[in-house]
Protein chains: 2
Amino acid sequence: MTPRTNARILTDTIADIFVREGFDGTSLNYLANQTGLGKASLYHHFPGGKREMAVAVYDRVSATFTREVLARLAGRGDLELRLTRMAQALDRFYDGGNRACLIDVFSIGGAREGFAEKLSEAVSYWVSSIARTLCEAGVEKATAQMRAEDVVISIEGALVVARATGNTEPFRRIIEAMPARLLGG
Amino acid sequence: MTPRTNARILTDTIADIFVREGFDGTSLNYLANQTGLGKASLYHHFPGGKREMAVAVYDRVSATFTREVLARLAGRGDLELRLTRMAQALDRFYDGGNRACLIDVFSIGGAREGFAEKLSEAVSYWVSSIARTLCEAGVEKATAQMRAEDVVISIEGALVVARATGNTEPFRRIIEAMPARLLGG
DNA sequence: AGTTGGAAACCGAACGTTCGTTTGAGTAGC
DNA sequence: GCTACTCAAACGAACGTTCGGTTTCCAACT
């Protein structure tokens, strides 16, 4: 019943590496070392090899994002509360700015092939989820779309800056200002 | 006198590839194909191999950025005009959102070693160049720093979104709104 | 309770390929 | 003839992948 290696934990470990090293920068030797498994064992769990691992990582991260972050938008409570909840969830999801975004990482180099469409949809889904929530609260459609785009852009940018400088303060500032920006502060 | 291969053009060609494929995703075979040179010829121009090529690319891109973009801040004319000039220069530099930023690309994977410090300084320099200009025009120091950070973050984020979705419209919107945002619109 | 069979999980070793790099021998231009 | 430049070919190392065989586990059957 209980496998020797938990598939979720294994995928999470691999995800950490892909996020840090990128698709092309991640080698199976390194994955084997970090997971404690032999390369052949990794192929047992992911017969499709490196690309299947990347797909599994993407699917898992994507599902986690939908469940942990976007779900806050549809929760109960007034709009401001839900937006604040989403901001907190984002802070957790990106580890306070220390964890890169797969949308960024997988849009560079060898991962683009096979992920281009998924990444595009991921951004659109994220943006429109926020925009729809704002619309339902009475914000005009075009305005909502623009604010949602701006916020998503800010987060992606703050993650890039955090990774490049090692300073997560701008990210935290963006996160904190997020609800007010979406409400039209 | 005139070398068979112009060093600047060669570096620009290599830069395009690094920017698209990332450091780890760029192979010397591909560089040789795209430049029309043999791998050994590339080693004649860059004896330090791939890493020296990356350093040359970074130095050239960085110098171009300082000359073409940041220099607009110190030009003549009132503040708003200079900020608009910088925005236009940014649009050109990033090819309307179609060209990735090296700060993003080189902060992932194998390029981090050896570039971490340079990337951090590049972001700081960019931010403080904008902030200083605002200060000289009378904006309070902390406010200027924050606005500058926000604008840099927006551009990096817009480039990520553009790359992931293939849609450069948000980037152009960010560019256009930039002067007003810095002026405190 | 003890044995057994087969699937799941795992591994070391090797596969062919591609990597970044080096060699050595050229050719073009001053 | 010297420097700058180019190339094809080969280097060892590392790549992603595959192979054959071992260990672990659990359900089913004595």
Side-chain angles (χ1 to χ4, degrees), chain A residues 1-58 60 105-106 108-115, chain B residues 1-60 102 105-106 108-115:
Chain A
M1 193 64 113
T2 309
R4 280 192 253 177
T5 296
N6 185 298
R8 292 181 190 175
I9 294 177
L10 178 58
T11 305
D12 283 342
T13 304
I14 296 175
D16 287 341
I17 297 169
F18 271 120
V19 157
R20 274 204 320 271
E21 307 296 333
F23 180 79
D24 296 311
T26 298
S27 75
L28 269 88
N29 274 313
Y30 189 59
L31 286 174
N33 286 341
Q34 295 298 304
T35 58
L37 292 178
K39 286 193 280 183
S41 300
L42 288 173
Y43 267 81
H44 171 73
H45 293 279
F46 307 98
K50 193 178 178 182
R51 295 205 88 90
E52 182 173 337
M53 297 179 207
V55 170
V57 161
Y58 175 84
R60 176 146 173 78
V105 172
F106 276 6
I108 298 175
R112 259 175 335 191
E113 282 182 29
F115 279 100
Chain B
M1 195 57 119
T2 309
R4 280 192 251 180
T5 296
N6 185 299
R8 292 181 191 175
I9 294 177
L10 179 58
T11 305
D12 283 342
T13 304
I14 297 175
D16 287 342
I17 298 169
F18 271 121
V19 157
R20 274 204 321 271
E21 306 295 333
F23 181 79
D24 296 310
T26 298
S27 75
L28 268 89
N29 275 313
Y30 189 60
L31 286 174
N33 285 342
Q34 295 298 305
T35 58
L37 292 178
K39 288 193 280 181
S41 298
L42 289 173
Y43 267 82
H44 171 74
H45 293 279
F46 307 98
K50 192 178 179 181
R51 295 205 88 90
E52 182 174 338
M53 297 180 206
V55 169
V57 162
Y58 175 84
D59 288 345
R60 176 145 173 78
L102 269 187
V105 171
F106 275 7
I108 298 174
R112 259 176 335 193
E113 283 182 29
F115 279 100

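In what follows, chains are A, B, ... by sequence order, proteins preceding strands, each numbered from 1. Because the structure is a prediction, the values reported are computed rather than measured.
Under the rule for a side chain to side chain contact (heavy atoms under 4.5 Å, CB included), the partners of B:Asp59 that lie at least two apart in sequence or sit in another chain are B:Val55, B:Lys118. Every side chain to side chain contact (heavy atoms under 4.5 Å, CB included) that A:Thr35 has, sequence neighbours left out, goes to A:Leu10, A:Thr13, A:Ile14, A:Leu37, A:Leu42. Residues forming a side chain to side chain donor-acceptor pair (under 3.5 Å) with A:Asp16 (at least two apart in sequence, or on another chain): A:Arg99. Residues meeting the side chain to side chain donor-acceptor pair (under 3.5 Å) test with B:Arg60, sequence neighbours left out: B:Asp12. In terms of the ring-ring contact (aromatic ring centres under 6.0 Å, His included) criterion, residue partners of B:Tyr58 (sequence neighbours excluded) are, by chain and number, B:Phe115.
Pairs passing the salt bridge (Lys or Arg N to Asp or Glu O under 4.0 Å) check and including a residue from residues 33-50 of chain A, sequence neighbours excluded, do not occur.
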Distance-only check: which donor-acceptor pairs under 3.5 Å involve side-chain atoms of residues 18-25 of chain B, not counting sequence neighbours?
unit_1, atom_1, unit_2, atom_2, d
B:Arg20, NH2, B:Tyr30, OH, 3.4
B:Glu21, OE1, A:Arg112, NH2, 3.4
B:Glu21, OE2, A:Arg112, NH2, 3.1
B:Asp24, OD2, B:Gly110, N, 2.8

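For D:dC5, one of the phosphate oxygens OP1 or OP2 lies less than 4.0 angstrom from a side-chain nitrogen or oxygen of B:His44. When the side-chain nitrogen and oxygen atoms of A:His45 are compared with OP1 and OP2 of C:dC10, one or more of them lie within a distance under 4.0 Å.
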Would you tabulate the nitrogen or oxygen pairs shorter than 3.5 Å linking the protein to nucleotides 21-23 of chain D?
unit_1, atom_1, unit_2, atom_2, d
D:dT23, O2, A:Arg4, NH2, 3.2

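Distance from the side chain of A:Ser41 is smallest for C:dC11 among the nucleotides C:dA8, D:dT6, C:dC11.
When rounded to the nearest whole Å, the span between CZ of B:Phe46 and P of D:dA4 equals 16 Å.
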Which parts of nucleotides 13-20 of chain D does protein reach within less than 4.0 Å, heavy atoms only, written one letter per nucleotide 5' to 3' as B for base, S for sugar-phosphate only and - for none? --SBBBB-

